[in-house]
Undergrad: 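Just passing along the structure, written as structure tokens.
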Amino acid sequence: MSPSADSRAQARPASERELRADRILDAAEELMVAWGHRKTTIDDVARRAGIGKGTVYLHFPTKERLFLTVVMRAQHTIVERLLDIMRADPEAARPSEVARHVYLLQFDTPVVRTLYGNGGEELGAFSRTYPHLAKDLSEARQSVLGDYWALLDEHGVLGPQIPADQRFYAYCSTIVGHLLTEPLLAQQGFPVPDRAARADLAARSIRLLLEQDVPEPAMRAVQTGTIALFAALDQLLTGEIEEQKSVKRST
């Protein structure tokens with residue numbers, strides 16, 4: 001079973017339909033990691049899952065929706081892990097520490113690692129289809145990120161180093177650059193620092209570029225607000241995964 005599947009806690013016993021959908025997702029995840037989603041067909045997924053092709057389409061009407069759900073499931077795993085880390089340490093709510101842990105968690109989440117391999121080709125493909133296939137979630141994610149940056153600004157975590165309207169771009173370009181650079185350099189035979197050192201470099205880059213020290217009460221307020229925002233996003237993400245699986249949960 002895939003790492004993403006192992007991390008999901010079941011609130012109640014899963015139905016046969018849910019178990020079948022998860023088996024399809026497990027198979028698709030394994031093939032995406034091995035071959036990439038563009039080289040993987042629905043026939044491949046059906047064979048790996050041990051079911052008929054038509055059964056895959058009962059849950060996922062298109063290949064795009066299937067692999068989108070695989071990626072969202074991996075994102076859900078990472079957000080849950082981030083929430084656990086934030087609950088244990090107020091400083092973990094800083095953008096620099098979020099970057100550190102996202103960098104490290106990708107190594108425990110093969111789908112995410114795959115997205116950033118091969119020069120980000122897989123990531124580019126998903127970036128183009130994600131807003132179209134999960135419009136509400138995409139808009140909610142943008143809203144949560146906007147609220148997160150406003151929270152950081154309100155409590156003084158963001159420093160004056162660069163203009164406010166450039167902060168988010170600077171953050172994203174820095175973390176994506178760190179995620180993409182290691183596999184590119186390794187493929188060309190260049191030496192790269194070890195994993196922990198690379199994560200520390202990403203965090204230090206963002207800390208120097210964007211942040212400043214704040215009193216402990218301010219950081220605890222950021223911790224509380226960030227946990228609430230990320231938990232709400234995780235709930236929406238879970239709901240979208242179930243929607244994409246065509247499994248409606250009753251309340």
Undergrad: Is there a donor-acceptor contact under 3.5 Å from the side chain of H59 to the main chain of K245?
TA: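 The answer is yes, because a donor-acceptor pair under 3.5 Å joins these two groups.
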Undergrad: Using the salt bridge (Lys or Arg N to Asp or Glu O under 4.0 Å) rule, collect all pairs that involve residues 47-64, keeping only residues at least two apart or in two chains.
TA: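 Applying salt bridge (Lys or Arg N to Asp or Glu O under 4.0 Å) to every pair that reaches into residues 47-64, excluding sequence neighbours, yields E30-R48, D43-K53, D44-R47.
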Undergrad: Please list, chain by chain and in numerical order, all residues satisfying salt bridge (Lys or Arg N to Asp or Glu O under 4.0 Å) with E240, sequence neighbours excluded.
TA: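 None.
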Undergrad: If the condition is side chain to side chain donor-acceptor pair (under 3.5 Å), which residues does T226 pass it with, not counting sequence neighbours?
TA: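 Once residues adjacent in sequence are excluded, T226 has no partner under the side chain to side chain donor-acceptor pair (under 3.5 Å) criterion.
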Undergrad: Among residues at least two apart in sequence or on other chains, which ones pass salt bridge (Lys or Arg N to Asp or Glu O under 4.0 Å) with R20?
TA: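 With neighbours one apart ignored, the set is empty.
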Undergrad: So, E18 side chain and S15 main chain: donor-acceptor pair closer than 3.5 Å or not?
TA: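 Yes.
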Undergrad: Looking at CZ of R81 and NE2 of H76, how far apart are the two atoms once the value is rounded to the nearest 0.5 Å?
TA: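 If I round to the nearest 0.5 Å, the distance is 12.5 Å.
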Undergrad: What residues form a salt bridge (Lys or Arg N to Asp or Glu O under 4.0 Å) with D194, not counting sequence neighbours?
TA: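 Partners of D194 under the salt bridge (Lys or Arg N to Asp or Glu O under 4.0 Å) test: none.
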Undergrad: Do L209 and Q161 come within less than 4.5 Å of each other through their side chains, counting heavy atoms only?
TA: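 No, side chains not in contact.
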Undergrad: With R198 as the cation and Y103 as the aromatic partner, state whether NZ or CZ is under 6.0 Å from the six-membered ring centre and within 45° of the axis.
TA: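 Judged by the rule (NZ or CZ under 6.0 Å from the ring centre, within 45° of its axis), R198 is not positioned above Y103.
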Undergrad: So does R204 have more than 12 non-hydrogen atoms from other groups sitting under 6.0 Å from CZ?
TA: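 No, the 6.0 Å shell around CZ holds no more than 12 heavy atoms from other groups.
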Undergrad: Going by the salt bridge (Lys or Arg N to Asp or Glu O under 4.0 Å) test, which pairs reach into residues 222-235, not counting sequence neighbours?
TA: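 For residues 222-235: none.
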Undergrad: Suppose we screen for side chain to side chain donor-acceptor pair (under 3.5 Å). Which residues come up paired with Q223, at least two apart in sequence or across chains?
TA: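 By the side chain to side chain donor-acceptor pair (under 3.5 Å) rule, Q223 matches no residue at all.
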Undergrad: Who passes side chain to side chain donor-acceptor pair (under 3.5 Å) against Q235, sequence neighbours left out?
TA: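 In terms of side chain to side chain donor-acceptor pair (under 3.5 Å), with neighbours along the sequence ignored, Q235 is linked to no residue.
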Undergrad: Side-chain polar contacts of residues 149-159 - donor-acceptor pairs under 3.5 angstrom, sequence neighbours left out - could you list them?
TA:
unit_1 : atom_1 : unit_2 : atom_2 : d
D153   : OD1    : R167   : NH1    : 3.3

Undergrad: Any link between L180 and L201 through a network of hydrophobic side chains (Ile, Leu, Val, Met, Phe, Trp, Tyr) touching at under 4.5 Å?
TA: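 No: no chain of side-chain contacts under 4.5 Å links L180 to L201.
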Undergrad: Test your reading of the model: is there a side-chain donor-acceptor pair from T109 to the backbone of V112, 3.5 Å cut-off?
TA: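 No, the answer is negative, given that no donor and acceptor are paired below the 3.5 Å cut-off.
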Undergrad: For L185, what are the other residues in its hydrophobic cluster, where any two members join if their side-chain heavy atoms are less than 4.5 angstrom apart?
TA: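 Noted: L185 shares its cluster with F190, V192.
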Undergrad: Could you list the residues that satisfy side chain to side chain contact (heavy atoms under 4.5 Å, CB included) with L208, not counting sequence neighbours?
TA: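 Expected list: none.
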Undergrad: Looking at residues at least two apart in the chain, or sitting in another chain, which of them share a side chain to side chain donor-acceptor pair (under 3.5 Å) with Y148?
TA: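 Result, side chain to side chain donor-acceptor pair (under 3.5 Å) vs Y148: none returned.
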Undergrad: Does R207 reach the main-chain N or O of S96 with its side chain, forming a donor-acceptor pair under 3.5 Å?
TA: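 Side chain of R207 to backbone of S96: no pair is present.
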